Each structure stands twice: as structure tokens, then as C-alpha cells.
Amino acid sequence: MSDNANSSDQEILQLVTFHIGEEEFGVAILDVREINRMMEVTRVPHAPEFVEGVVNLRGRVIPVVDLRKRFGLPARERDRSTRIVVVELTDKVVGFIVDAVDEVLRVPSNLVEPPPPIVGSVDRQYIEGVVKLEDRLLILLNLHKLLGTDESEELREFEP
Amino acid sequence: MEPDRVSPEVVELLPDYLADARECLERASEILLAVERGDDDPELRSDLYRQMHVIKGGAGLMGFRTVEAVTHAAETALGPVKRGERPFTPALAAGLLRAHDVIAALLNELEADGQTRTDPGPAVEALEAAARGEEPAPNETKPAPSPEAPSAPPSDRPAADDEVVQEFFVEAWELMEELEQDLVALEESPDDSELLNKIFRAAHTLKGSSSFLGFDAISRVTHRVEDVFNKLRRGEMVASGEVMDVVLEAVDRLRKLLDAAQADRPGPAVDDVLGALAGAVESGRPKRLGEILVEQEGVPPEAVEKALESQKDGKPLGQVLVEQKAVSPEAVERGLARQNQMRRAAPEQTVRVDVGRLDTLMNLVGELVLAKNRLARLRAEAEERWPGEDLVEALGETSAQVDLVASDLQLAVMKTRLVPIGKVFRKFPRMVRDLSRNLGKGVRLEVEGEGTELDKSVVEVIGDPLVHLIRNAADHGVEPPEERERAGKPRDGVIRLSARHEGNHIVVEVADDGRGMDPERLKAKAVEKGLLTAQDAAALSPKEAFNLVFAPGFSTAEKVSNVSGRGVGMDVVRTNIQQLNGLIEIDSEPGRGTRVELRIPLTLAIIQALLVRCGPEVYAIPLVSVVETVRVEPGQVKPLDGVPVLRLRDQVVPLVYLERLLAVPPHDRSEREYVVVIGLAEKRVGVVVDGLLGEEEVVIKSLGGYLSDTPAVAGATILGDGRVTLILDVNQVLELAGRTAPPRAAA
């Protein structure tokens with residue numbers, strides 16, 4: 001554990017990383033409940049546009065949000081690498097559709113920097129911070145914000 | 001008087017006290033009504049006195065001085081009546097009913113807020129006046145309690161204390177006498193449940209009042225006796241000779257204790273009796289065969305031990321013993337017969353279970369039903385793909401068995417949640433009596449099917465609609481006596497309240513033999529109130545006209561009485577029945593009466609649904625709301641006032657297209673369309689779909705959070721193929737349809 005050698009109070013973040021288009025994102029592993037292949041989604045009439053619908057998660061009906069649509073990115077054909085990242089936040093279970101899930105990363109928390117004024121195409125309010133890795137930039141998503149702000153005020157009420 | 005508060009020391013006792021007190025109140029109400037009907041025997045009077053006494057005793061224990069004051073006043077007023085020294089005057093009955101209501105209100109307040117608000121003063125004064133033989137002052141003009149009104153609780157009044165103690169002894173000796181007689185009778189017929197209940201009540205009463213007055217030893221002994229009889233009356237044990245010996249011994253000791261207490265000297269010790277009673281409770285359980293054989297047939301205990309050890313393969317113990325030659329087959333027969341005899345008396349055993357646990361159980365069963373549906377689907381697929389395979393056949397059999405067991409389990413769990421509708425019905429006799437007095441009409445309530453059971457959650461919602469329907473029947477339906485006589489009917493009107501099962505539904509009916517409703521008058525009224533145009537009104541069928549009463553603000557009563565006629569009642573009926581996914585049908589004949597039928601699903605969690613196809617999507621419609629399905633050819637649908645409608649026998653049903661309602665993506669339209677006529681309460685709408693896929697049992701799951709606001713969708717379910725399907729919210733579909741439909745459809 002080289003991290004521990006650096007500093008005794010050094011906190012290690014464990015992140016699940018995935019990407020959408022060219023951007024790479026990370027969310028805390030503790031918030032992630034499971035990762036699934038694309039499932040059959042049932043459309044919910046008159047739901048917000050970025051809500052793809054609902055899926056059957058082993059007998060539980062949960063809403064699924066298309067992160068591409070959420071971030072206003074152009075739609076893309078679903079393929080073999082498309083995944084649904086199921087997160088659980090204070091008892092609310094929601095699935096996010098992402099292009100692909102990459103890996104689990106261990107990152108010392110001191111590498112996390114506040115979000116720069118402009119981060120790709122993603123609204124700054126959904127960003128907790130960025131992690132500069134050797135060759136790339138990882139965007140840490142604030143899932144609570146993603147589920148609970150501005151036009152999707154109602155999303156706060158998400159429940160399983 | 002200071003309001004009562006639930007102090008922390010007694011907060012744990014509160015639920016039990018409330019349950020007890022309410023039971024007493026209910027019984028008191030029954031007795032009062034019986035007495036009013038002229039059914040006035042001394043037995044009833046003392047029973048009534050006892051009920052008040054038990055409530056009072058408990059209230060004293062709990063520190064509820066207000067409740068105590070009211071019950072004390074009731075008791076004081078009832079004392080001379082009970083002893084036959086005074087007649088049961090109407091004034092007293094009225095006062096007691098009032099006291100009953102006040103106590104009920106106080107109990108509710110204690111339960112809800114932990115403190116009382118209702119002022120017991122007027123009720124106490126009315127009782128005191130009745131006790132003095134005065135007529136009660138009219139309710140409305142009751143002055144504030146005068147300062148000198150002696151409404152203080154007994155504990156603040158030593159003189160009263162004495163009086164209470166004397167009353168206690170009188171009552172206690174009476175009870176003891178009854179108790180001994182009943183115990184003797186019980187030895188003759190140990191299964192007599194009425195007798196068991198009576199003894200239990202006597203012990204309970206004695207326990208309550210003795211503990212209230214601080215006669216500790218008496219209350220401890222009676223408490224144990226109560227325990228014994230509680231088990232006996234529930235059939236959890238048998239009144240064997242040994243048990244009776246112990247109880248009689250206890251009664252003897254109680255006599256001595258009473259003697260001592262009355263003479264104000266220390267009584268005998270009670271520990272031995274308490275121990276014996278506790279032992280009786282323990283030994284009263286049905287014995288095991290081994291024990292019986294050892295005791296009755298002289299089988300050595302070691303032989304039974306040995307047999308029990310070698311009894312591995314599920315062989316009955318008796319058989320093992322016979323094989324080991326430890327006992328004769330006849331002895332086993334006798335032992336089994338004896339055991340059966342002991343068990344026979346145990347038909348009803350009850351356990352109180354937290355509703356939350358039942359809900360969890362129901363949810364789990366829901367999951368199982370889903371898995372069962374999925375298994376059935378897989379089995380069908382497997383049979384198609386590998387016909388004749390042994391494994392597939394085995395899978396088929398297993399699946400069929402799981403199917404059966406899951407259905408049985410579902411039914412069994414549903415049954416645990418069922419309560420008799422009588423729980424709701426019980427308050428109506430009193431209500432009708434009061435109505436009948438207030439309105440100056442003779443109205444009799446006939447109740448039928450109180451035993452009909454339905455889900456607890458449904459029972460909670462159905463009470464209010466019934467209150468309104470019964471009020472309406474009494475107020476608008478039943479005519480004044482003179483009018484009835486002129487019409488050649490008996491002077492007293494009859495309201496019939498009945499409940500029965502029909503398939504997966506319960507049907508509750510309120511019918512009166514009153515003046516009935518005149519469709520033409522209803523229409524005229526609706527037009528006058530601007531609810532619809534004269535032209536629309538003319539086109540309504542009689543049935544449609546009856547449904548006008550559900551329109552908010554519609555009231556046909558010539559005068560608004562304080563009973564009904566404000567035009568909100570029927571709205572409540574509709575709202576609650578809709579909430580239950582129920583249907584309402586009104587039938588009426590001028591001069592003959594009105595009948596309102598409520599049709600309500602038995603349970604809310606698992607429902608039968610009709611699956612329909614709309615383009616590429618599948619939706620589920622609760623079957624209880626489906627009135628009928630019709631296949632329509634193009635051209636059969638005609639617009640009326642710009643809204644497509646389907647003429648169906650005598651009704652015109654407005655149509656909604658599901659694809660438009662739910663913004664289904666464009667798809668190829670099929671040649672034929674199907675109309676699913678759905679109904680809720682009195683409304684009907686036809687939903688146009690592309691196909692009918694059949695029925696399936698579905699478990700309603702919430703869409704959760706903001707998605708639950710989705711218009712026209714009540715929830716989701718998972719079908720046998722694992723797909724999520726949305727369940728239509730019939731209520732909202734009707735509402736959305738109503739916005740575009742002519743006013744009569746919305747009425």
C-alpha cells in the first residue's frame with residue numbers, strides 16, 4: 001500500500017469509472033449497487049425526456065436515466081458495451097445508462113481538484129471535482145446533485 | 001377539570017386499556033339499545049353497570065380523572081336502577097348514551113394526542129340530573145358547568161370513596177355468588193363457551209375494580225383466574241377436573257379475602273393459590289401421547305423415551321411403542337382418543353400480529369406470485385422447444401405444483417389480513433337510532449352478512465361511505481310516518497345493510513324501502529343547478545340520471561337538515577369507493593325505495609388484470625374496473641358533440657384512445673379495434689386498444705417518486721416474461737376522458 005506510506009491520514013477513494021462519448025466519469029464505489037448489461041426498458045408515458053423508463057431489477061421496478069440525454073449529448077446506438085450502472089442513494093435506487101464501464105480505480109483523495117470552469121459538455125453543477133491522472137482527466141459526478149436539482153426538482157423524490 | 005394526560009409511567013398500558021375500555025363501551029352501547037327496545041331485564045342492567053365500572057377502574061389506574069368522573073356518574077345513576085329501586089327512564093338512557101359518546105371521545109383524544117379536550121361537565125350533569133329523576137336539559141342550551149357542580153373525581157372526595165368501596169363489596173359478593181353457580185354449571189358442560197365467557201368477564205370485572213381500590217391480593221388472585229378462563233374460553237386448554245379444583249379453591253380464598261377486606265383486617269396469604277392457578281394454566285395444554293400413556297396406561301417412562309429416540313422415520317409414536325411391545329394397540333387407541341378429546345376444545349386460537357409483519361408477508365407472497373408466473377412461462381417455452389423430454393415434463397409438474405402452492409399461500413396470507421365487516425357495521429344501529437330520533441321518523445336497520453370478511457385496509461376506508469349512504473337513506477329515502485301510511489306502507493321504514501362475497505369482490509348494499517328517486521326530478525334539478533343542459537338531460541337514461549347525485553354540489557333535499565343534504569356526502573362516497581377501485585350502482589324505483597350497491601375488490605395488493613396491447617406496448621387494466629370488452633368494426637364509432645362515442649345498449653359510452661392518452665409512438669394500426677369499457681364508481685368510459693392479450697394475476701408495484709405522478713398510470717408490475725408492464729389508473733383515465741367528454745359523462 002504505497003498510498004499509506006505517503007501519509008497516515010491519506011484517504012483512498014475507490015471509484016467505478018465509465019465513459020460517455022469521450023468523457024470519462026467516476027462515482028464512489030460505495031454508491032454503486034451493481035452494474036448490468038442493457039435490459040429491456042419499459043417506456044413511461046409523459047415522463048421527463050431523460051428518463052428512459054423502468055426496468056425489472058430482480059423483481060424490483062426501478063427508473064432508468066439515460067445519462068447521454070441527461071447531459072444533452074446526442075443519442076447513440078446501444079451496443080454490447082452499454083451498461084446500466086445501478087446506484088443507491090439514501091434508499092433511492094436508480095439506474096444510469098452509460099456507454100461503457102471501464103474499471104475500479106483507487107485514487108488518493110488529495111488528487112481530487114475542484115471542477116474547472118468548463119468541463120467538456122457536462123454542466124458544472126453535477127461535478128464534484130476532477131481527478132488528473134497521468135494521461136487523462138476523470139470527472140467525479142455528484143450523484144445527489146444529478147438526482148436532485150434544477151429542472152428535475154422532482155427527482156429528489158426518487159424511491160425504489 | 002384539568003384535562004387527562006397519559007403519563008410516561010402508564011403509556012405502555014394505554015393500548016390495552018383503550019382496547020378494554022372500547023370493548024366495554026361497545027357492549028354498553030348494545031345494552032342501551034336493547035334496553036331502549038324494551039328488552040329490559042335486570043341481567044342487562046347489571047351488565048351495563050359492570051361495563052361502566054370496568055372502564056372506571058381502569059381509568060383510575062391510568063390516572064384519567066375525567067374518564068373516571070364520567071363513568072362514576074354513570075355508575076351512580078345506574079346503581080338504584082340495577083338494584084331495581086328505580087325504573088330505567090328515557091332521561092337516564094339519553095344521559096348514558098351521551099356519557100357513552102363523551103367517553104368514546106375522551107378515549108380517542110387520549111389515543112391521538114395523549115390528552116383529553118372534551119369537557120365531561122355536561123354529560124356528568126345530565127347523568128346526575130337523571131339520577132335525581134329530572135329530565136335532561138336540551139343539548140344545545142347546556143350552560144357552562146356551574147362552579148359548584150360536583151364533578152370532582154371520587155379520589156378527591158373521601159365520602160365518595162367510602163361509597164365506592166361499599167358498592168364494590170356489594171358487587172363483589174354478587175359476582176362471587178354468580179361465579180360459584182357458573183363454576184358448578186361449568187363442570188356439567190365444560191365446553192359451554194357462553195359460560196366460560198361469563199366467568200371470564202366476572203373475574204375481569206372483579207380484577208378491575210379491586211385493583212382500582214387497591215385490594216391487591218384480590219386483584220392478583222382474580223387476575224390469575226382470569227388467565228385460566230381466558231385460555232379456557234379460547235380453547236387453549238380444557239376445563240379438566242384438576243383445573244376446576246384449583247379454580248374453586250381460588251374462589252374460596254377470594255371469599256376469605258373479601259371477608260377480611262370488608263372487616264378491614266389482613267387477609268390470608270395467597271401465594272399457594274397463585275402458584276396453583278399458574279400451574280393449572282401450564283398443565284391445561286393438550287398433553288402429548290407419551291405423557292398420556294405414562295399416566296393413564298401405566299407405560300414405563302423409559303419405554304416412551306426409548307421409543308421417542310428410535311422414532312426417526314416419522315412413524316407415529318404409538319406404532320413404535322406397539323412394535324416394541326411396550327403397550328397394547330388398544331391402549332394406544334384409548335390414549336389417542338383421550339388426546340383428541342383434549343384437543344377438540346381448541347377450535348379457535350388467536351395470536352395478535354403487528355400489521356407491518358402481515359404487510360411484509362404479503363410483499364413476499366407478491367414476489368412469489370411473480371416468480372410463479374415466470375416459471376409457468378419458462379415451462380411453456382421449454383415444452384415447445386423440447387417436446388416430450390423427461391426433464392421438461394418434470395419441470396412442468398414441479399411448476400404446476402409451485403403454482404398450486406403459491407396460490408394457496410397467497411390465499412392463506414390474504415386471509416390473515418381479513419377482518420369481518422361487522423367491525424364497521426357495529427356502529428350503525430346506534431347511528432340509525434339517533435337519526436330516527438332526530439328526524440322524527442321510525443327507521444329500523446336490518447343488518448346482514450356481518451361475518452363477511454375483507455382486507456383490513458379496505459375496512460378502514462369503507463366506513464365513511466356507508467355512514468353517508470345510511471344517512472341519505474334515513475333522511476331522503478325513508479318518508480315521515482304519516483306519508484308512509486298514506487302510501488299504504490308500514491309506519492316504520494327499513495334500511496337494509498348487507499354484505500356478501502361475489503368472486504373476488506365484496507358487495508355491500510344499502511337499501512331502503514322509502515320514496516325512491518325520480519329520474520325526471522333529478523334531471524330537472526341538475527339543469528336548474530346548471531350542471532347540464534336541458535337537451536343533455538333529456539337524453540339521459542334513468543340509470544345515468546341516478547348518477548347525477550354524485551355530482552359535487554348536487555342535493556335534492558328540499559330543506560337542508562343537519563343530517564344530510566349539503567351535497568357533499570355522495571362526493572365522499574364516490575371518492576372513497578374510487579380509492580378502493582370499487583364500483584357503485586344505484587337502482588331506484590319511485591315509491592318503492594333505493595338500492596345502492598358498492599362492489600369492492602377483496603384486496604389491493606395483488607389483482608387480476610386484463611392485458612391489452614397498444615401498438616408495441618402492453619398495459620394492464622385492473623379487471624375489477626373492466627365492465628366489458630367489445631370488438632368494434634370501423635364505422636361503429638360515431639362522434640357526438642365532437643367526442644367519439646360507442647352506443648352500447650341503453651348507454652352512450654365516450655371513448656378514449658389509449659395511444660393518444662399515453663403518447664404511444666406511431667405504429668401500424670390494426671383493422672379491428674377493441675374497446676375495453678372501464679368503470680369506477682358510477683362512471684364508464686371505453687378505452688380503445690389494438691388487442692386483448694388475456695388476464696394475468698399481477699402484483700402492484702410503485703413506480704416510485706416523481707414517476708408516480710405519471711398521468712393515467714397507477715403503478716407497474718412484472719409479467720411472466722420478466723418485462724415491466726404499467727398498470728392503468730382507471731380513475732385518472734376516467735378523469736382525463738371526462739375533460740374531453742360531454743358533461744353527462746363527467747357527472
Side-chain angles (χ1 to χ4, degrees), chain A residues 31 33-34 36-67 69-70 75 78 84 86-97 143-160, chain B residues 363-375 377 611 613-620 656-667 698-729 732-733 736:
Chain A
D31 291 338
R33 208 174 128 117
E34 61 187 275
N36 290 78
R37 287 179 186 283
M38 197 54 206
M39 295 186 261
E40 188 165 357
V41 181
T42 301
R43 187 183 69 93
V44 176
H46 308 295
E49 203 232 342
F50 55 86
V51 174
E52 186 77 5
V54 287
V55 296
N56 168 12
L57 187 73
R58 286 186 310 282
R60 233 171 139 175
V61 175
I62 65 161
V64 174
V65 169
D66 187 337
L67 271 192
K69 286 188 191 156
R70 189 74 180 91
R78 305 269 153 74
I84 296 179
V86 180
V87 301
E88 182 162 15
L89 295 169
T90 49
D91 294 338
K92 291 156 190 169
V93 180
V94 168
F96 290 106
I97 301 177
L143 292 171
H144 294 269
K145 278 270 173 61
L146 207 54
L147 291 180
T149 47
D150 67 310
E151 81 266 24
S152 61
E153 190 83 290
E154 319 90 317
L155 275 167
R156 258 183 301 143
E157 295 303 316
F158 254 127
E159 63 179 51
Chain B
N363 287 342
L364 288 172
V365 169
E367 298 296 321
L368 186 64
V369 167
L370 291 178
K372 175 199 88 176
N373 289 347
R374 176 136 179 77
L375 192 60
R377 193 74 66 108
L611 299 181
R613 192 173 59 78
C614 183
E617 302 184 344
V618 175
Y619 290 91
V656 300
Y657 287 85
L658 200 57
E659 57 181 58
R660 280 181 225 162
L661 193 67
L662 301 178
V664 177
H667 57 274
V698 305
V699 179
I700 302 177
K701 291 174 178 282
S702 157
L703 272 184
Y706 77 109
L707 284 182
S708 68
D709 285 341
T710 307
V713 173
T717 189
I718 296 166
L719 295 186
D721 61 7
R723 282 202 306 182
V724 179
T725 292
L726 302 183
I727 302 169
L728 290 191
D729 185 327
Q732 285 184 25
V733 171
L736 291 170

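Within every chain, numbering begins at 1; the chains are lettered A, B, ... in the order of the sequence lines, protein sequences first and strands thereafter. Being a predicted model, the structure only gives us computed values, none of them experimental.
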Per-residue contact mode, B/I718 against chain A (heavy atom under 4.5 angstrom): side chain
Segment of A/V41 engaging chain B (4.5 angstrom heavy-atom cut-off): neither
Chain A contact via B/V664 - which portion, at a heavy-atom distance below 4.5 Å: both
Heavy-atom pair with the smallest gap, counting every atom of A/P63 and A/V54: CA-CG1, 4.0 Å
Any donor-acceptor N/O pair, A/R37 side chain to A/M39 backbone, under 3.5 Å: no
B/T725 (side chain) donor-acceptor with B/Y619 (main chain) under 3.5 angstrom: no
Inter-residue atom distance B/R377.CZ - B/L719.CG, 0.5 Å rounding: 6.5 Å
